Amino acid sequence: MKIRKGSNQTKMRVSFDLDEVLFVLPETHKTEPPLKFPFNKIYKERLRLGTPGVIKELQKQGYEVWVYTSSFRSEKYIKRLFRHYHIKFDGIVNGTRHMKEVQRDNKKMLPQKLPNRYRISLHIDDEAIVCSLGKQYGYNVYQLDGEDDEWKEKIIAYADKIRQRDFGE
């Protein structure tokens, strides 16, 4: 399936994990400024420096951007937190949704994330196990390790490579 700019066809989806990918500790990573009071008391997570920019750039380039996390933070909480950074995700899969829609009543325990079940073409994660299962379960993954000042450019370049390979753009 090819994506044409301006058409109603499906856009390529890119998803991000939250913990240690978009949410990081200021002691180990460069972060966006904290939210102003009182929101910094409600939303204690800190965003990796450049998070709003990379998400907005991907969306500007025609990608759908999702969150796919194994955490059980509510969808409402995630939406409201990112609204303070002027970010609106195209989709959110949390631990609850994954268990309900992917794991369901399956007797065999499935991996904690299966991005291809949501037609996600590229998932960004920090966990080696999630990344190593990509080939076995048929999804593309980019492993984001630690502090990297060029992480935004690398993710956009990798997404472009997949879009060209899989969607012929």
Side-chain angles (χ1 to χ4, degrees), residues 1 3 5-25 29-36 39-40 42-103 110-127 130-131 134 137 139-144 148 151-163 166-167 169:
M1 162 178 43
I3 299 173
K5 287 182 178 24
S7 77
N8 291 328
Q9 292 184 5
T10 304
K11 295 179 178 183
M12 181 173 142
R13 292 181 179 166
V14 176
S15 65
F16 289 87
D17 181 33
L18 290 179
D19 296 309
E20 287 81 46
V21 174
L22 298 184
F23 295 159
V24 294
L25 298 173
H29 292 77
K30 295 175 186 168
T31 61
E32 292 291 325
L35 294 173
K36 303 284 187 232
F39 301 111
N40 63 342
I42 300 166
Y43 306 106
K44 297 181 190 296
E45 294 90 351
R46 297 288 299 276
L47 291 188
R48 182 186 292 262
L49 184 65
T51 294
V54 74
I55 291 168
K56 289 175 187 174
E57 182 59 30
L58 285 165
Q59 289 173 329
K60 181 179 160 192
Q61 290 186 23
Y63 295 95
E64 284 188 16
V65 181
W66 287 46
V67 164
Y68 195 161
T69 179
S70 55
S71 88
F72 289 90
R73 291 178 186 89
S74 73
E75 191 172 330
K76 185 186 288 187
Y77 178 88
I78 295 166
K79 283 181 184 178
R80 287 181 177 169
L81 186 158
F82 281 95
R83 189 179 308 145
H84 290 283
Y85 293 94
H86 309 287
I87 295 170
K88 184 177 186 229
F89 289 108
D90 297 291
I92 296 173
V93 180
N94 62 8
T96 304
R97 181 174 175 187
H98 173 87
M99 292 302 288
K100 180 180 174 189
E101 296 175 357
V102 178
Q103 184 62 46
L110 296 173
Q112 63 181 326
K113 294 177 187 136
L114 284 175
N116 51 344
R117 296 282 174 103
Y118 294 96
R119 295 189 347 260
I120 293 168
S121 300
L122 172 61
H123 177 67
I124 292 89
D125 211 297
D126 68 304
E127 291 190 43
V130 172
C131 296
Y137 285 94
Y139 59 87
N140 297 300
V141 65
Y142 180 90
Q143 187 168 6
L144 184 59
D148 181 353
W151 74 281
K152 303 173 295 295
E153 295 81 5
K154 289 176 182 176
I155 287 171
I156 290 169
Y158 196 65
D160 287 344
K161 180 180 169 183
I162 291 169
R163 181 161 63 181
D166 294 353
F167 295 86
E169 270 193 24

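Treat the numbers as computed from the prediction; the structure is a model and nothing was measured.
- Side-chain contact check for Glu64 versus Val14: every heavy-atom pair is 4.5 Å or farther apart.
- The shortest heavy-atom contact between Gln143 and Cys131 is CB-SG, 3.5 Å.
- Here the straight-line distance linking atom CZ of Arg48 with atom CD of Glu32 works out to 11.5 Å at 0.5 Å rounding.
- Residues Trp66 and Ile92 come closest through the heavy atom pair CE3-N, 4.1 Å.
- In this structure, Tyr68 has its ring center no closer than 6.0 Å to that of Phe16.
- The minimum heavy-atom distance linking Lys88 with Gln59 is given by the pair O-NE2, 2.9 Å.
- The two residues Val65 and Leu58 come nearest to each other via the heavy atoms CG2-CB, 3.7 Å.
- Checked by atom type and distance alone, the side chain of Trp151 never pairs as donor or acceptor with a backbone atom of Val21 at under 3.5 Å.
- Considering CD1 of Ile55 and NZ of Lys152, their distance stands at 12.0 Å, rounded to 0.5 Å.
- Once rounded to the nearest 0.5 Å, the distance linking CE of Met99 with CG of Leu110 reads 9.0 Å.
- In this structure, His123 has its ring center no closer than 6.0 Å to that of Tyr139.
- Atom OH of Tyr43 and atom CG of Leu35 lie 8.5 Å apart (nearest 0.5 Å).
- Here the closest heavy-atom approach between residue Phe72 and residue Gly95 is recorded as CE2-C, 3.2 Å.
- Considering every non-hydrogen atom in both Tyr118 and Arg13, the closest pair reads O-NH1, 2.6 Å.
- A search for salt bridge (charged side-chain N to carboxylate O under 4.0 Å, His left out) contacts involving Glu45 returns Arg73, not counting sequence neighbours.
- Contact check on Lys113 versus Asp17 returns a salt bridge, with a Lys/Arg side-chain nitrogen under 4.0 Å from an Asp/Glu carboxylate oxygen.
- Of the inter-residue distances, the one linking Leu144 atom CG with Leu22 atom CG reads 8.5 Å to the nearest 0.5 angstrom.
- One finds the CG atom of Asn140 at 5.5 Å from the OH atom of Tyr158 (value rounded to the nearest 0.5 Å).
- Among Lys44, Arg80, His84, the single residue meeting the side-chain contact (heavy atoms from CB on, under 4.5 Å) criterion with Phe39 is His84.
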